[in-house]
Amino acid sequence: AQSMRRIAARLNAEKVPPPDNLPRAQKLGWTNITVGGVLRHKAYIGIGTSRTRYGKPTAKTAFTRMEQVEVEGVCPALIPTPLFQAAQDL
């Protein structure tokens, strides 16, 4: 097993581009935080998140106050679940 810092250093040494949806990563390249975020992202096992409204919708209902729900199968799984679970122990 390798630490997230070691994985980040290797990705940077091999010039693997960091995720393009993270502006900070574009400046810094891979960091232990970026690696950790990728390893914990459930989309890799086909699980996405959605927010659902609870109660009567009002103008004051903010997106961040909506309940977050995990939804399986919203995207194709790219890795097996046991491999994802093993990565959670890093």
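Since the structure is predicted, the reported quantities are computational estimates derived from the model, not experimental observations.
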Out of curiosity, [X] [atom1] to [Y] [atom2], how far, rounded to the nearest 0.5 Å?
X: Ile47; Y: Glu70; atom1: CD1; atom2: CD; result: 5.5 Å
X: Tyr44; Y: Leu78; atom1: OH; atom2: CG; result: 7.5 Å
X: Thr34; Y: Asn12; atom1: OG1; atom2: CG; result: 8.5 Å
X: Arg10; Y: Arg6; atom1: CZ; atom2: CZ; result: 10.5 Å

N/O donor-acceptor pair under 3.5 Å between Gln88 side chain and Leu39 backbone:
yes
Where is the tightest heavy-atom contact between [X] and [Y], given as atom of each residue plus distance?
X: Pro19; Y: Trp30; result: CD-CH2, 3.6 Å
X: Asn32; Y: Ala8; result: N-CB, 4.0 Å
X: Val35; Y: Leu11; result: CG2-CD1, 4.2 Å
X: Ala43; Y: Cys75; result: O-SG, 3.5 Å

4.5 Å side-chain heavy-atom contact, Val71 and Thr49:
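With C-beta onward as the side chain, the pair stays apart.
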More than 12 foreign heavy atoms under 6.0 Å from CZ of Phe84: is that the case here?
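Counting neighbours around CZ of Phe84, more than 12 heavy atoms of other residues, nucleotides or ligands fall under 6.0 Å, so yes.
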